[in-house]
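This is the structure I have questions about; it appears just below.
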Amino acid sequence: MSERLQSKLRMTDRVVPIVDARRVKPLPGVGTLRAAEAKSGIDTRDTLGRPLRDLRISVTDRCNFRCTYCMPREVFGPDYQFLPRSAVLSFEEIARLVRIFHSQGVTKIRLTGGEPLLRKNLERLIGMIADIGGLELTLTTNGSILARKARLLRSAGLQRITVSLDSLDESVFRAMNDADYPVSSVLAGIDAAAEAGFSPIKINMVVKRGINDHTVVDMARHFKGSGHIVRYIEFMDVGATNGWRMDDVVPSAEIVRRIDAEMPLEPIDPNYFGEVAERWRYRDGSGEIGVISSVTQAFCRTCTRARLSTEGMLYTCLFANAGYDLRNLLRTDTTDAAIVAAIGRIWQVRADRYSEIRTEATAGLRKIEMSYIGG
Ligand code: SAM
């Protein structure tokens, strides 16, 4: 890493001490379930009329990267206490919840973390979820060990994969992952995933001004024509440790402008209601890119996502500061019908729209870390 970049990372990544925001909210009205409700489930629309359609599941809070914007080494160092094994949901517990969520209209599951490929025998969980049927099953990974696992994941029933890659520039990438992983390990993972039959592969690049934004166009050029879709993500104020400032955000509109100047683009329609990425295609027909503008163009109004943490807390927003303890229900002989009703109640009272109300001041609020809640 160049000294200039190193000092820039130090200057911009003002790290604040971690606060434990893993607070538990009481489950709304679970003790007073009416029998009829428990039998039939509940209409899952929240207070803003949004249905529950997606569940993101964090299968581990551990990661082999220390991305400066997500798990800064100063906080997630050798003394950081990750969850003990006993706190982590088992595959059976996760699969049970997936079945229950599916019965309530969830059609898409994303496995994430931490780094999901660090969870031992993950392919077994994938097989269990695939056996439920009727679900789109996807995974987000940093790609560092994907080359070894791609075929296994595919044959277990994983349908789609997203790989995070913040730059093709070796020194920029190593500085951002802060764990000395080379670009080549991630590119090898992407190639292996393509060979295993994943298509299209999405490649997520978080863009931070002054750190990797000068490599945005290189990334587009590299994957143009490959069939893979690069998606540029605005740097967000998730958690409380990444020292987020509005000045660090490169608006998606600027990213589109920069790429368009060299490789002309035109907008295209979303694939489905609530798609987070805004789609653009190359005018010469050689593929598409996406931009995820959660800071400059909040998409809370169409957010149909719930998030399950590694230890079974349910969060109704990426920027939440407290969750609902589903693990306790799983481990206390609660029936599926009662869990259905609890989830329905949680969703019915949901009013989250953090990205619409974000300011520099809200960025400092106690929020759950992304590695814990799942990206
Ligand atoms: N370890 C996996 C990975 O690297 O893809 C999955 C978890 S990671 C938390 C999921 C995604 O969240 C990654 O694409 C990562 O770059 C993104 N991410 C993490 N912190 C972010 C932030 N502050 N702003 C925007 N995206 C962020």
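We count ligands from 1, going down the list as the structure has it; atoms in each ligand are counted the same way. Computed from a predicted model, the values in this text were never measured in an experiment.
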Check ion pair Lys208-Asp166 (N to O, under 4.0 angstrom): no
Angle between ring planes, Tyr372 versus Tyr315, binned at 30° and 60°: parallel, tilted or perpendicular? perpendicular
Under a 4.0 Å threshold between the charged nitrogen and the carboxylate oxygen, would Glu92 count as salt-bridged to Arg96? no
What residues come within 4.0 Å of ligand 1, counting heavy atoms only? Tyr69, Cys70, Thr112, Gly113, Gly114, Glu115, Thr140, Thr141, Asn142, Ser164, Asn204, Val206, Ile233, Glu234, Phe235, Met236, Val238, Asn242, Met370, Gly375
Hey, are Glu93 and Arg327 close enough for a salt bridge, meaning a charged N less than 4.0 Å from a carboxylate O? no
Which pairs with one or both residues in residues 259-276 pass side chain to side chain donor-acceptor pair (under 3.5 Å), sequence neighbours excluded? Lys108-Tyr272, Arg221-Glu262, Glu266-Arg281, Glu266-Arg283, Asn271-Glu275, Asn271-Arg279
Side chain proximity check, Glu123 to Ser155, heavy atoms < 4.5 angstrom: no
